[in-house]
Q: 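Submitted below is the structure of interest, expressed as C-alpha cells.
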Amino acid sequence: MLDPRPVRQICHGTEWRESDPDTLLEVNGPVPHRSWSVRTTIAGETIRPGDDIQQRLSRLDYFLLMFPPSQLTLMHLLMNEEIQKINTFTPATHQAMTKGELLKFFGVIILCTKFEFGNRASLWSRTAKLKYIPAPCFGDTSMSRTRFDLLFRCLRFSYPPAFRPIGMAHETFRWMLVDDFVDSFNKMKPEAGCEVQNAADGESGVILRLKLVKTELEAREDDGLTLGTRVAKYLVEQWARTDRIVCGDSFFASVATAKELKSMGLRFIGVVKNASSHYPMTWLSSLELSNRGDHKGLVHLDTDGNPDMMAFVWVDRERRYFISNCSSLVEGDPHVRNRWRQGDDMEAGPRREELTVPTPKVCNIYYDTCAAIDQNNHHRQDNLQIERKIETKNWATRVGTTILGMCIVDAWLVYKGATGTSERQSEFYSWLAEELIDNFYDKDPIWRSTGSVTEASPPQHLFDSRTGAGRSAIQAHLTPTKRKRKVKGVIMQNQFYQSQCVVCASKFKGQKRKGFKSSFLCSICNDESLDSTAAESKVWLCHSKYGRNCFAEHMAACHSSQYSLASTLVHVSNFEVFSLLQ
C-alpha cells in the first residue's frame, strides 16, 4: 500500500519536498575542516593546536593573548583617576597604580578562589585558625590588604560620565559602566545581574564574541528579522564569507536564520523548537518513528532546483527537529553510551550495557560543537569561581569580573590545546596567579605594543632577518626546527623533523656509520638560507646537551668572527618583550 503522505509540503509559503536521495548529498557542497588558531601581534605569529609543546610561552603570555590590550590600558587609566579622587579628599597616601600592579591585582583575585573564607581580611592573616591548615599569608604577594581593598574599590571597566545625564534611564546608564569592556573583548574576539549571549569556537571552546542583553527595546527593533536571527547575525558577522558552520540552540534556530546566514556566506545547523515559521514541524511530528536513531528529512530547493536547506527529525530519547543548510543525513559515527539495565532475573541485579544510537553526519557536527559555551561557563563558574568567591553588590564589578573570568578560562583552553599539557585546570589557575603576581611588566621593558599604538620600535636583532618571526636568543645559537615529522604522509604533531648533523656526516664520511640526527639548526646559516622549507639547504647540528661539540666545531670553522656567544633570555608575550641579559 502506498504511503498517503504528500510529496510536497507548503509551510507559510515555503515549499519542502520529500526526496531521500537529496538528503544523502552534501547540502550546498562540502565544508572543509578548519582547526583553530590564535594570531599574536608579535610579527604575526600564529599558534595552532600542538604548536607550543615545548611551552615557549608562559601561562601569563596566554592570558595576555586573551585579555584585550586596550582594556588593560583603559582600566589602568580609569582606576588611577579614581585613586586620584580619593587623594583629593584625603591625605595623598595612595600611590598611582602601574599596569604591572593591575596584573598582580588580577593574580590576587585568582588566588582568592583557592581558599574558603568568610571575611576577605582573613586571607592576609599570618595566624592559622586550625592546627593542620596553614594561614593563607596573602601579605607575601607584596600587595597589602589595604592596597587590595583600595584597588577593588576603584575597579572600573568602562569610561562612563561622572553623573547620569538628565533624562537618561538608570538602566541605560548602568550599561555604560561595562560597554567599553564588551567592545574591547569583541574587537579581539555573568552570573548575576545580566544575561549574556555568546559565540564560541566549537573545537577549542574559546569565547569569540559576546552580546549583553540590555533592554526590551532591542527585542522590538523592526528590521524584518526575528530576535534570534538578529542576535545570531551580530555574533558571527566578523566571519562572514568564510563558509564556516555555525551551530545554534533553539533561541537562534529557525528557517529565517538559516537563510540569513547563507546570504552572509555562512552555514547553519540548529535545533528548532518554538521558531517553527516556514518549518514543516506538523509533517515531521506526524511521522511514525519508533526506534532510536530513526530519522527523516525534507529539502528546500533554490531557484536552480538544487537543495539549499534541509529540515529533518532525528529520534534519540525524544524527537529532535533540525534545520540545516549544510552536511547530509549520511550515517555518521554512532552515539555510544553505557547504561545500567535490570535483566529478567531480579536477584542478579542490574548489569552494564552499551547503548548504540545510529546518528546522521549532520547531527555529529552539531553535537560535537553545541556544548562549547556550556562547558566554558562550567569552567568559569564551577572551577574558577571568581563570581562566587569575590562577592560584591556593585553591578558593574560583577559583570566585569565575569568577563575577566571568561578571559582566564579562554587562556586555559588555548594553553591546553597549544601545549597538549596534562596539567589540571585548577593547577593552571594556581600557576597563572603566581605568574601574574610575580610579573615583570614594569621592569626594564624593551617595548610595549597596545593594539594599534606602539610606544617604541622593537630591536631588529630579536627577529629572524628572513621571516620576521620572534627569536629566542640573539647572535649565534642553536634554534629548534618548527617542522613536524611525517609518517606515511601523516604529520606527527608531537614529533619534530630530524636530519643528519653536518659535522657528524663529515667525520664519518666513507664509513658505514653516518653519525647522528638532530632537530636543531645553526641560527646564522638558517637566517642566510634562501629556501625556508627544503631540509637539504639547512645546517643541522647536534645539541651540546647530548655531550657532542658539533655546534662549537661548526662555529669555529664557519663563523669564527661571531664565535662570541651571548647568554640571553628574551620573554615574548602579546604585548611586551623583556630582555633579561646576564
Side-chain angles (χ1 to χ4, degrees), residues 40 42-48 50-57 61 444 446-447 457-487 491-573 577-582:
T40 70
I42 299 296
E45 181 184 3
T46 300
I47 300 175
R48 294 183 174 86
D51 273 3
D52 194 21
I53 295 178
Q54 295 179 327
Q55 298 186 8
R56 296 178 296 108
L57 301 181
D61 294 328
D444 301 325
I446 292 181
W447 85 85
S457 299
Q460 295 302 314
H461 63 267
L462 293 179
F463 296 95
D464 188 312
S465 60
R466 176 173 42 80
T467 64
R471 299 176 60 175
S472 58
I474 60 175
Q475 297 188 19
H477 62 280
L478 283 174
T479 180
T481 180
K482 295 183 179 180
R483 291 185 60 186
K484 303 295 183 180
R485 182 186 174 198
K486 281 188 178 181
V487 179
I491 298 178
M492 311 300 291
Q493 292 292 345
N494 59 344
Q495 298 180 15
F496 289 101
Y497 180 86
Q498 292 183 336
S499 189
Q500 193 74 34
C501 170
V502 295
V503 176
C504 291
S506 63
K507 289 181 179 179
F508 297 100
K509 187 175 182 180
Q511 301 182 24
K512 185 176 181 181
R513 182 179 178 184
K514 296 183 178 180
F516 301 94
K517 288 187 175 183
S518 174
S519 61
F520 292 89
L521 304 162
C522 171
S523 62
I524 298 177
C525 298
N526 188 46
D527 287 350
E528 295 174 352
S529 174
L530 297 177
D531 192 340
S532 61
T533 58
E536 58 272 11
S537 66
K538 303 289 187 180
V539 177
W540 304 86
L541 296 168
C542 296
H543 200 283
S544 57
K545 64 182 179 181
Y546 301 117
R548 295 187 283 275
N549 297 322
C550 298
F551 178 54
E553 294 178 17
H554 171 75
M555 289 296 300
C558 302
H559 310 294
S560 57
S561 62
Q562 303 183 45
Y563 196 71
S564 174
L565 303 182
S567 175
T568 307
L569 173 65
V570 180
H571 175 86
V572 184
S573 75
V577 173
F578 301 117
S579 178
L580 309 181
L581 300 178
Q582 298 180 357

Q: Donor-acceptor check, side chain of Ser518 to backbone of Leu541, threshold 3.5 angstrom: yes or no?
A: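 Here the side-chain-to-backbone pair exists.
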
Q: To the nearest 0.5 Å, tell me how far Leu57 CG sits from Glu45 CD.
A: 6.5 Å

Q: Which pair of heavy atoms, one from Ser519 and one from Tyr497, lies closest together, and at what distance?
A: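 Shortest heavy-atom contact: CB-O, 3.4 Å.
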
Q: Which atom pair, heavy atoms only, marks the closest approach of His554 to Val503?
A: CB-CG2, 4.1 Å

Q: Measuring from Phe516:CZ to Cys501:SG, what's the distance to the nearest 0.5 Å?
A: 9.5 Å

Q: So which heavy atom on Thr481 is nearest to which on Arg483, and how close?
A: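 What the structure gives for the nearest pair is OG1-N, 3.1 Å.
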
Q: Establish, for the pair Lys484 and Phe496, whether the NZ or CZ atom is under 6.0 angstrom from the six-membered ring centre and no further than 45 degrees off its axis.
A: yes

Q: After noting the C-alpha distance and the side-chain angles of Thr479 and Phe520, does the key distance pass the side-chain contact (heavy atoms from CB on, under 4.5 Å) rule?
A: CA-CA 5 Å; Thr479 180; Phe520 292 89; over 6 Å; no

Q: Atom CG in Asp51, atom CZ in Arg56: separation rounded to 0.5 Å?
A: 8.0 Å

Q: Could I get the full list of side-chain contact (heavy atoms from CB on, under 4.5 Å) partners for Lys517, not counting sequence neighbours?
A: Gln498, Gln500

